[in-house]
Number of protein chains: 2
Amino acid sequence: MAEDVDLDVLNDTLSFYIRTINLAVSRDLDECLEGLDVAKGTGKITTLLLVDSHPGIRPSLIAQLTMKDRSAMGRIVEHLVSHGLIRRETSAEDSRAQELYITESGAELATKVRDLVTRQSKDFFSFIPEDEQAQLMDILGRAYRRIVGLA
Amino acid sequence: MAEDVDLDVLNDTLSFYIRTINLAVSRDLDECLEGLDVAKGTGKITTLLLVDSHPGIRPSLIAQLTMKDRSAMGRIVEHLVSHGLIRRETSAEDSRAQELYITESGAELATKVRDLVTRQSKDFFSFIPEDEQAQLMDILGRAYRRIVGLA
DNA sequence: GCAGATAGTGGATAAATGCAACTATAATAT
DNA sequence: ATATTATAGTTGCATTTATCCACTATCTGC
């Protein structure tokens with residue numbers, strides 16, 4: 001049945017593939033992270049990892065990197081704080097801004113998540129040959145940096 | 001500020017790029033399609049186009065191609081039907097199943113959407129060189145077909 | 001100081017997602 | 001033939017996200 005369905009113009013539409021594959025990876029990732037205080041959305045994972053590796057990082061910067069607006073970011077921070085994974089302080093230099101720091105249990109979780117996330121991605125895309133994965137990462141990486149204003 | 005932030009392990013995680021870029025394309029696409037009875041989610045667009053080019057196609061097949069479950073699919077079909085874009089009939093061979101057909105206004109919209117969607121994708125990714133876009137499409141296309149069970 | 005930008009908060013609304021129960025019909029096996 | 005199991009679709013519900021907007025506080029530059 002499905003084998004010979006023609007996808008119309010979507011067959012040549014990059015956004016279609018990005019969007020559908022996103023659905024699949026995200027679902028799979030959610031499964032892997034089930035019950036881990038950090039599920040659904042790149043928001044929480046990215047925030048946790050960035051706070052862990054960049055002590056004092058500000059919500060607004062993470063928002064930019066994850067493409068969230070400030071209110072969405074605020075809710076993510078609130079979530080992580082309320083679960084005791086990160087700590088929130090007002091910046092000394094700019095009292096509008098906050099600085100985020102990891103807690104002990106946050107650091108523990110970060111270690112675990114780092115492992116799970118990279119493994120999940122590798123596993124999920126394992127049917128793509130190594131060299132093509134590298135190509136993908138290279139191109140998408142540049143796209144990401146460009147979109148987000150990192151380069 | 002943002003220029004020199006290291007993304008931790010996410011820097012080498014394909015799923016991260018897929019997920020964030022997905023956010024960006026989807027938002028951009030939504031803007032392009034604003035007010036068009038078909039916004040948010042690959043679901044409606046794909047359904048409209050597939051029904052247009054495959055008269056009599058079944059919801060369950062579209063569900064497979066768009067990675068939705070039946071309930072999500074049902075709601076999309078319901079939405080399109082209620083907006084007069086497609087028509088729903090019970091299949092003669094299998095009265096459990098339905099066959100979907102495009103309506104006049106649905107066909108009109110499909111034409112418009114086909115154009116908008118392909119252009120949006122091209123524009124959005126225009127900063128990626130042609131040949132790299134082709135590579136991306138090739139790899140992601142195979143990934144998609146594999147995930148969805150098309151090959 | 002004043003005007004305008006920026007950081008973060010909070011609320012309300014609108015959608016999408018996933019889950020599970022339920023009907024109806026088909027296909028299979030005994 | 002009939003009992004079992006699988007499939008197509010519908011519906012309700014609870015959860016989660018997203019988006020938009022208004023609001024406070026603070027900073028920057030004139």
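Note that the structure is a prediction, hence the values are computed from the model and not measured. Chain letters run A, B, ... following the sequence lines, proteins first and then strands; every chain starts at 1.
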5' priority, DNA chain C, between G74(A) and L23(A) [closest heavy atom]: G74(A)
Closest contact, heavy atoms only, Y101(A) versus V51(A): C-CG1, 3.5 Å
Within the structure, does a side-chain N or O atom of R88(B) lie under 4.0 Å from either OP1 or OP2 of dT10(D)? yes
So does K44(B) get a side-chain nitrogen or oxygen closer than 4.0 Å to the phosphate oxygens (OP1/OP2) of dA16(C)? yes
Ignoring hydrogens and geometry beyond distance, is the side chain of S71(B) in donor-acceptor contact with the base of dC19(C) at under 3.5 Å? yes
Return the value, rounded to whole Å, for the distance between atom CZ of R58(A) and atom C1' of dT26(D). 12 Å
Any side-chain heavy-atom pair from M67(A) and I147(A) closer than 4.5 angstrom? yes
Expressed as a whole number of angstroms, how long is the span from E93(A):CD to dC27(D):P? 10 Å
R19(A) CZ to dT17(C) C1': how many Å, rounded? 15 Å
Would you find a donor on one side and an acceptor on the other, under 3.5 Å apart, between the side chain of S121(A) and the backbone of S15(B)? yes
Between P on dA8(D) and CG on D94(B), what's the gap in Å once rounded to a whole number? 8 Å
Nearest-nucleotide check on DNA chain D, R75(B) vs D69(A); residue mapping nearer the 5' end is R75(B)
Closest to the 5' end of DNA chain D, once P59(B) and A72(A) are matched to their nearest nucleotides, is P59(B)
Determine whether a donor-acceptor pair (one donor, one acceptor, N or O, separation below 3.5 Å) exists between the side chain of R96(B) and the base of dG9(D). no
Is it true that a side-chain atom of T118(A) and a backbone atom of V9(B) form a donor plus acceptor pair closer than 3.5 Å? no
H79(B) backbone acceptor or donor facing H83(B) side chain under 3.5 Å: yes
Short side-chain N/O contact to dG18(C) OP1/OP2 from R27(A), under 4.0 Å: yes
How close or far is atom P of dG9(D) from atom CD1 of I62(B), stated in whole angstroms? 9 Å
N or O in side chain of S60(B) less than 4.0 angstrom from dG9(D) OP1/OP2: yes
Let's see if you can work this out: which of dA7(C), dT26(D), dA26(C) has an atom nearest to the side-chain heavy atoms of A97(A)? dA7(C)
Which part of the nucleic acid, if any, lies within contact of E78(B), taking any heavy atom under 4.0 Å across all strands shown: a base, the sugar-phosphate backbone alone, or nothing? nothing
